[in-house]
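Below, chains carry the letters A, B, ... as their sequence lines are ordered, and counting in each starts from 1. Side chains included, hydrogens not; waters and symmetry mates left out as well; all remaining heavy atoms used.
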Amino acid sequence: MEYGRDITKPYRPADEMTSLGAYQRAITIKVTRHSRGSILLGAMRWSNLFIPTLRDAPNDAEAASHRLLIRGGFIRQLMSGHYTLLPLGLKVHEKVAEVVRQEMNAIGGQEFLLPAMHPKSIWEASGRWETMGDEMFRLQDRKGTDLALGMTHEEVFATLALEVNSYKQLPQFWYQIQWKFRDEPRPKSGLLRVREFAMKDSYSFDVDQAGLDASYDRHREAYIKIFARLGLDAVPVEASSGAMGGSGSSEFMVRSDAGEDDVAMCPTGDYAANVERASSALPAIEDAAPPAAPEKFPTPDVRTIKALEEIEGGAPADRQIKTMVYVVDGNVTLFLVRGDHQLNDQKVIDTTGSTDIRPAKPAEALEHLGANPGSLGAVGVSDDIVIYADHALEGRTSMTTGANEDDWHWRGVDIARDINVAHWVDLRNVSAGEACIHCGSPLEIIRCIEAGHIFKLGTKYAEAMGTTVLDQNGKTQTVTMGSYGIGIGRNMAAIAETSHDEAGLIWPVSVAPYEVAITVVKVKDEASMEAAETLYGELLDAGIDVVLDDRDERPGVKFKDAELIGIPYRITIGPKALEAGEVEFNERATGTTTNVALSDIAAQVTAEITSRR
RNA sequence: CGGGAUGUGGCCUAGCUCGGUAAGGCGCCUGCUUUGGGAGCAGGAGAUCGUGAGUUCAAAUCUCACCAUCCCGACCA
């Protein structure tokens, strides 16, 4: 009897499988919308599958997830930021999406599917046709009408919600899993940051703030469950709301060097925030009593904090005021932080509420302040220059700062007395080792992947679209919205990034491309192949997503592939053990192998897998 | 957009300094041998050396331009 490449000899049902339609149905992974139980599993013989594994990763792939997803035959790049999901990649992607879908449904989410292409008008209504800038892909149709490829869907959903008219219909949780297009300035690390990707985006609609708070909390809990099921250790952290606006947001962060965000975390777990908005407690500094007025003193060639520390009559960095000159909405604006602190750009954006921000050019500083960078300060500047100062400078006296005259500085500056601060705000970067604002423990700064982000949007978009309902008093109320996002492919990459070893990927059962592989050591051994086919049928019947490795390859090749691809369990059928009525059962994550009676293996594997879904 | 790097069969690389018409490994095809950890032998297919221009008797190699990709910084799921 011939095995191996013979696709005309399926396990079952033999007659059905000979029709092309039945065969296609069988090999198609179909994930239905409502429950895990209805995931239909295909007939999967490895000898017929397209799983192009590679021994070497392309040299321009650096991130572990990127390398392994390519080597394992999950993805291929078409161009920068655009990836093809190969059959194996699509299976994982669908399973991640299905976990998300189930948890959204569990909190009452209703699934939609919105167009990816939008008219200019709705983006103009929210003001984002302008503010999204180059991030938005734009195009025109044959009539010359301006269109955009959707990068998010607040506008469209808020428009749909025009048909909700009564508070009695609220809250509503609406979501979709759909493609987003973002013209990222720098796509990177395989699936971690791309320009075209599937996102689950959901939106809540409530009559009031209390309703929004509750909707937000329900999403937060759903997200915690989602990440737990995906095998991701995702920590909710306080986040900046960025371009979305709104009153608050949390990011779900997965610790990884491949990430792009830094999170300040208290080791006790009582505080975690993106450095874009993190704060910390600083020890108080005792200042000497200031002189009656600041003193100007010569500082030839001093242009840096460090140089000012070292010069005769200078001051340590924590007694200096660093003056950063920016242009905000066209106006020169000063941001002051302590000399040893770093200005955080996101905090500048968040506190000013503007996205039109750039550092001033030296010529602009010279024009408005009278000196070049290195000698700039806020003492005695014109009243029409708005000054923001960091909290760490509040109450400080006897400070040193630039005198707005090259080669001169002030000392003895009493900030309250000498500088006209308009806004006392948080502007500085938190550094590792600074004290937690809750418990005083030293904070750690941890590199993370942003796996999800939830926002309290408030009424911004509903107002723009005119989305209102009548409340219990018959009064018109603008609905208040939340929006909640999870990148499907990004999460897939995050799992790969955090769960692999030298041999390859280690998928959790919940998203594994196959739950178990049956590896036939010697396909030409009839007894082996028969046992394998029988077991394969039993597992299919039990609803297990199983692949039969019936390739006529040496066993080493098959073991390596199964490990690279990260299939959680492997059943090895070899002639010797089989004579004793046994097969090997191997767990990918631990590497443990046990011999199990052939008669017991199906039940044991099924129990193991179903307990881990 | 600023800085750095790279582009040679499907994948990894050599060749480039010092021009002479492309080499090896993996993979693929055929045959034989092999069969519990990426097999061996023999034969074979597959490359306008990113694109274009220039220099030269001659360009993968030198020059210029462009394109693409990756990495580091400003943005976000």
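- Distance, A:M136 CE to B:C75 C1': 15 Å, rounded to whole Å.
- Counting non-hydrogen atoms under 4.0 angstrom, A:T519 reaches nothing in the nucleic acid.
- When the P atom is compared between B:A68 and B:A45, the two are found 36 Å apart, to the nearest whole Å.
- A:E184 has its CD atom 16 Å from the P atom of B:C1, to the nearest Å.
- Checked options A:N344, A:D345, A:V425, A:T352; the residue passing with A:F335 is A:T352 (criterion: side-chain contact (heavy atoms from CB on, under 4.5 Å)).
- Within the nucleic acid shown, A:D561 comes within 4.0 Å of at least one base atom, counting heavy atoms only.
- Note on A:M151: nothing from the nucleic acid sits closer than 4.0 angstrom, heavy atoms only.
- Following rounding to the nearest Å, A:I495 (CD1) and B:A77 (P) show an atom-to-atom distance of 19 Å.
- When distances are taken from the side chain of A:E62 to each of B:G25, B:G36, B:C70, the shortest belongs to B:C70.
- Close to B:C72, at under 4.0 Å from its OP1 or OP2, lies a side-chain N or O of A:R186.
- Among the heavy atoms of the strands, none lies under 4.0 Å from A:A61.
- B:G50 sits 41 Å from B:G37 when the P atoms are compared, rounded to a whole Å.
- Aromatic ring centres of A:Y83 and A:F197: separated by at least 6.0 Å.
- When rounded to the nearest whole Å, the span between CZ of A:R490 and C1' of B:C75 equals 11 Å.
- Picking from B:C70, B:G36, B:C76 the nucleotide with the shortest atom distance to the side chain of A:E276 gives B:C76.
- The residue A:D261 sits close to a base: some heavy atom pair falls under 4.0 Å.
- What separates CG of A:D345 from P of B:A74 is a distance of 7 Å, to the nearest Å.
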Exercise for the section: Just do the side chain to side chain contact (heavy atoms under 4.5 Å, CB included) check on A:R195 and A:F181 with the steps written out, would you? Expected result: CA-CA 6 Å; A:R195 303 204 305 171; A:F181 298 86; over 6 Å; no
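- Of the possible polar contacts, one joining the A:K558 side chain to the A:V520 backbone as a donor-acceptor pair under 3.5 Å is found.
- Heavy-atom distances to RNA chain B give each of A:E135 and A:K576 a nearest nucleotide, and the one nearer the 5′ end belongs to A:K576.
- Under the 3.5 Å distance criterion, the side-chain polar atoms of A:Y326 are left unmatched by any main-chain donor or acceptor of A:V348.
- Contact check for A:E154 versus A:S126: no side-chain heavy atoms found under the 4.5 Å cut-off.
- The backbone N or O of A:E582 sits nowhere less than 3.5 Å from a side-chain atom of A:N595 that would complete a donor-acceptor pair.
- A:H453 places no side-chain N or O within 3.5 Å of a backbone atom of A:E450 that could act as its donor or acceptor partner.
- Taking atom P in both B:U63 and B:G20, the straight-line distance is 15 Å, to the nearest Å.
- Under 4.0 angstrom from either OP1 or OP2 of B:G36 there lies no side-chain N or O belonging to A:K558.
- The side chain of A:R554 contributes an N or O atom lying less than 4.0 Å from OP1 or OP2 of B:A39.
- The base of B:G37 sits with one of its N or O atoms less than 3.5 Å from a complementary donor or acceptor on the side chain of A:R570.
- Sparse packing is recorded around CZ of A:R255, with 12 or fewer heavy atoms of other residues, nucleotides or ligands lying under 6.0 Å away.
- Residue A:A198 is out of contact with every strand shown, counting any heavy-atom pair closer than 4.0 Å.
- Atom CG of A:D60 is surrounded by more than 12 heavy atoms from other residues, nucleotides or ligands within 6.0 Å.
- Here A:N59 does not reach the OP1 or OP2 of B:C70: none of its side-chain N or O atoms lies under 4.0 Å away.
- Considering only the side chain of A:P58, B:C11 comes nearest among B:G36, B:C11, B:G38.
- Nucleotides B:C71 and B:A47 are separated by 28 Å at their C1' atoms, to the nearest Å.
- Taking every side-chain heavy atom of A:M199 into account, B:A77 is the closest of B:G38, B:A77, B:C11.
- Pairs of Watson-Crick or G-U wobble type, with distances under 3.5 Å, assemble into runs of 3 or more in RNA chain B at these ranges: B:1-7 with B:67-73, B:10-13 with B:23-26, B:28-33 with B:39-44, B:50-54 with B:62-66.
- Between the side chain of A:E553 and the base of B:G38 there is no donor-acceptor pair of N/O atoms closer than 3.5 Å.
- Comparing B:C12, B:C76, B:A77 against the side chain of A:V194 picks out B:A77 as the nearest.
- Applying the 5.5 angstrom centroid cut-off and the 30 degree plane-angle cut-off, the aromatic ring of A:F559 is not stacked upon the base of B:G38.
- Nucleotides B:C64 and B:A74 are separated by 32 Å at their P atoms, to the nearest Å.
- Between A:Q77 and the phosphate of B:C70, there is a side-chain N or O to OP1/OP2 separation shorter than 4.0 Å.
- Whole-Å rounding puts the A:K361 NZ to B:C1 C1' distance at 13 Å.
- Between the C1' atom of B:C76 and the CG atom of A:N491 lies a distance of 14 Å, rounded to the nearest Å.
- Regarding contacts with the backbone of B:C70, a side-chain N or O of A:S80 is found under 4.0 angstrom from either OP1 or OP2.
- Rounded to whole angstrom, the span from the CZ atom of A:R551 across to the P atom of B:G37 amounts to 16 Å.
- Nucleotides B:U51 and B:U61 are separated by 11 Å at their P atoms, to the nearest Å.
- A:G452 comes within 4.0 angstrom of sugar-phosphate atoms only, judged by non-hydrogen atoms across all strands, and of no base.
- Between the P atoms of B:G4 and B:G44, the separation comes to 48 Å (whole Å).
- Scanning atom types as modelled, no donor and acceptor separated by under 3.5 angstrom connect the side chain of A:D60 and the base of B:G7.
- If you take atom C1' in B:A39 and the same atom in B:U17, they sit 40 Å apart, rounded to whole Å.
- Judged by closest nucleotide on RNA chain B, A:G190 is the one of A:R193 and A:G190 placed further toward the 5' end.
- A:R588 places a side-chain N or O within donor-acceptor distance of the main-chain N or O of A:L505, the cut-off being under 3.5 Å.
- Comparing atom distances between the A:R182 side chain and each of B:C26, B:G36, B:A77 picks out B:A77 as nearest.
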